[in-house]
Participant: 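A single structure is presented below for examination.
Just the heavy atoms: all of them, side chains too, but no hydrogens, waters or symmetry mates, feed the values below. In what follows, every chain begins at residue 1, and chains take the letters A, B, ... in the order their sequences are listed.
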There are 2 protein chains.
Amino acid sequence: MDMEAGKRPATDPEIYQRLWNAIAERQISPGTRLKEEQLSEIFSASRARIRQVLQNLAHDGLITLVPNRGAFVSKPSIEEARDVFFARRTIEERLVERLCVTIDAAGIGKLRDHVEEERKAHAHADVASAIRLSGAFHLMIAELAQSQILTDLLRDLISRTSLIMAMYQQKDVHNCRPGRTQCDRRLHRCLDAKQALAVMHHHLAHIENQLDLETDRVATHDLEDILGF
Amino acid sequence: MDMEAGKRPATDPEIYQRLWNAIAERQISPGTRLKEEQLSEIFSASRARIRQVLQNLAHDGLITLVPNRGAFVSKPSIEEARDVFFARRTIEERLVERLCVTIDAAGIGKLRDHVEEERKAHAHADVASAIRLSGAFHLMIAELAQSQILTDLLRDLISRTSLIMAMYQQKDVHNCRPGRTQCDRRLHRCLDAKQALAVMHHHLAHIENQLDLETDRVATHDLEDILGF
DNA sequence: AATCATCAGATTGTCAACAATGTTTGTCGA
DNA sequence: TCGACAAACATTGTTGACAATCTGATGATT
C-alpha cells in the first residue's frame with residue numbers, strides 16, 4: 001500500500017482534536033518532538049495547516065514552540081504543575097459553588113449518568129476511556145455552571161493536568177480512580193454549597209498530593225501508530 | 001510619498017502588541033473589520049504573518065474569526081460580558097487572597113508607585129494611558145501573586161473588559177476612575193486578607209454595574225491613522 | 001585525544017501565486 | 001419599482017517552492 005499519502009483530507013478541527021486527545025490521553029509522551037512534515041503526511045494536510053494547529057495547541061500550553069526548532073509536547077515543571085492545580089482550584093471551586101445554586105434535576109441526571117459511565121470504564125479497565133471521562137466529568141460541571149469562559153479555560157487546564165500526571169504520577173492510573181468515593185461524594189452532596197466546595201478542594205488537593213516530583217520519564221513512541229487512520 | 005509600503009519589517013510580537021493595544025485601548029471600535037491585506041500593508045508584513053497574529057488575537061477573544069469572511073473586533077454580548085466579570089472575580093479574588101499572604105515590602109512599593117503613576121495620568125486627563133495603567137495595575141497584582149497561568153488568563157480578560165466597556169459603558173471614561181478611592185483602599189488594606197478580598201469583589205462588581213446593557217454603538221475609524229507608524 | 005571550525009543534511013520560517021468563497025453591482029423581466 | 005439572477009470584484013484559504021536556521025558529523029589543528 002504505497003498510496004497512503006492520499007487517505008483523506010482531514011479538517012483542521014479534526015487534526016487539532018486528534019492531537020489534543022493523543023496528548024491529553026498520554027499516548028504521546030511529554031518531550032516528544034512533533035515535526036511538521038511528519039504530521040503533514042499523517043493527516044494528509046499541508047504544512048501550513050499543521051502549523052496553525054500547532055500554534056493553537058501551543059497557546060493551550062499542551063505543546064511548546066521553540067523558534068527554528070519546532071514543536072515539543074510540553075514538559076511542565078514542578079512549579080508549573082503546582083500552578084496548574086492552583087488555577088484549577090480557583091476555577092473549579094467557584095464553578096461548583098455556582099452550580100450548587102443553579103443546578104436542576106436534568107443537570108443532576110447528567111452528572112449521575114456520567115458517573116455511571118465512568119464506573120463502567122473502570123470496571124473494564126479501559127484506561128484511555130477512564131482518563132477521558134474523568135476530564136469530561138470536571139468539564140461537565142463547568143458547562144452546567146454556565147460559564148463559557150471558565151469552561152474553556154478549564155478545558156486547557158485539564159489537558160495540562162493530564163500531561164502533568166503523565167510526568168509525575170506515582171501509582172494511580174487515573175486522577176479519579178477511587179471514582180465511587182470522590183466523584184460520588186461530590187455529586188451527592190451537590191445541594192450543599194459549602195460541602196461540595198470543600199469536596200472539590202480536597203479532591204484537587206488529593207490529586208496534586210499524589211504526584212511524584214522527581215522522575216522525568218521520557219518514552220517516545222511512533223506517532224504514525226498513534227495518530228494514523 | 002509613494003514608498004510608504006517599505007517602512008520597516010515589524011516583527012510578529014510587535015504586530016500583535018500593536019493590535020492588542022489598539023483594541024484594548026479602544027482605538028478600534030468593536031465590530032470593525034480587519035482585512036488581512038490592509039494590515040499587511042500597514043505593518044509591511046506578509047499576509048501569512050498577519051494571519052498568524054489574527055489567529056492568536058482570536059484565541060484571546062479580542063477578535064472573532066468568521067470563516068471565509070475575515071476578522072472582526074469582537075462585540076461581546078451582555079451574557080459574555082457578565083461571564084467575563086464572573087471569570088475576573090473568580091481569578092482576581094483568589095489572587096488578591098494569595099497576595100495578601102505573600103506580599104513583601106518591595107511588592108507594596110511597586111503597587112504604590114503604580115498607583116501614583118495612575119494618579120498622574122488621571123490628573124493630565126490622559127485617557128489612553130489611564131486605561132492602560134488601570135489594566136496594568138490589575139495585572140501587576142497577578143504577577144506579584146506568582147501565578148503565571150492566572151496572570152496570562154487575566155491579561156486576556158482585562159483586554160476583553162476593555163472591549164466590553166467600549167460597548168456598554170454609560171458615563172465613566174475609565175474602569176478605575178475613582179482611582180484614589182478604590183485602588184488605594186485595596187492597596188492600603190492589602191495586609192488584611194478578608195478585607196482586600198471584599199474590596200476586590202466590590203471593585204469588580206462596581207465596574208460591572210456601571211455598564212449600560214442597551215446600545216450597540218458602532219463607529220469605525222480609519223485603521224491607517226490608528227496603527228500607522 | 002580534545003577542541004574548534006566547517007560543511008552537509010534536515011527542519012522550520014517566509015513568501016507570493018493560485019484556488020475557493022463571499023459580496024456587491026448591474027441587468028433583466030415581471 | 002421591485003425581486004431574482006448573473007457576472008465582476010474583493011477577500012480569504014491553500015499550496016508548493018524557496019530562504020534562513022539549527023543540528024550533527026567530519027576533519028584539521030594543537
Participant: Closer than 4.0 angstrom, basic N to acidic O: yes or no for A:R47 and A:E37?
Facilitator: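 Here A:R47 does not pair with A:E37 in a salt bridge, since their nearest N and O are not under 4.0 Å apart.
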Participant: Starting at atom CD of A:E37, determine the distance to atom P of D:dG16, rounded to an integer number of angstrom.
Facilitator: 12 Å
Participant: Does anything in residues 66-73 of chain A reach DNA chain C, meaning a heavy atom under 4.0 Å, and if so which residues?
Facilitator: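 Per residue number, the list reads A:P67, A:N68, A:R69, A:G70.
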Participant: Are any of the side-chain nitrogens in A:E93 or B:R94 under 4.0 Å away from the carboxylate oxygens of its partner?
Facilitator: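 A salt bridge links A:E93 with B:R94.
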Participant: Are any of the side-chain nitrogens in B:K110 or B:D113 under 4.0 Å away from the carboxylate oxygens of its partner?
Facilitator: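 Salt bridge: no.
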Participant: Go through C:dT14, D:dT12, C:dT11 for me and flag the one nearest to the B:R49 side chain.
Facilitator: C:dT14
Participant: Separation of A:Q38 atom CD from C:dT11 atom C1', in whole Å?
Facilitator: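 Checked: the CD to C1' distance equals 12 Å.
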Participant: When the distance from CD of B:E36 to C1' of C:dT21 is rounded to whole Å, what number comes out?
Facilitator: 13 Å
Participant: Are any of the side-chain nitrogens in A:R82 or A:E79 under 4.0 Å away from the carboxylate oxygens of its partner?
Facilitator: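 Between A:E79 and A:R82 there is no salt bridge, as every charged N stays at least 4.0 Å from the carboxylate O atoms.
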Participant: For A:E41 and C:dA10, what is the distance between atoms CD and P respectively, to the nearest whole Å?
Facilitator: 13 Å
Participant: Without decimals, in angstroms, what is the distance between B:I50 CD1 and D:dT11 P?
Facilitator: 15 Å
Participant: Given atom CD of A:Q52 and atom P of D:dT15, what is their separation to the nearest angstrom?
Facilitator: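 Roughly 11 Å, once rounded to whole Å.
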Participant: I'd like to know if the side chain of A:R88 pairs up with that of A:T161 as donor and acceptor (distance under 3.5 Å, no hydrogens or angles considered).
Facilitator: yes
Participant: Quick check: do B:I149 and A:R160 have side-chain heavy atoms less than 4.5 Å from each other?
Facilitator: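 Sidechains of A:R160 and B:I149: in contact.
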Participant: Below the 4.0 Å mark, does D:dG16 have OP1 or OP2 next to a side-chain nitrogen or oxygen of A:R47?
Facilitator: no
Participant: How many whole angstroms separate atom NZ of B:K35 from atom P of C:dG22?
Facilitator: 17 Å
Participant: Given atom CZ of B:R51 and atom P of C:dG13, what is their separation to the nearest angstrom?
Facilitator: 17 Å
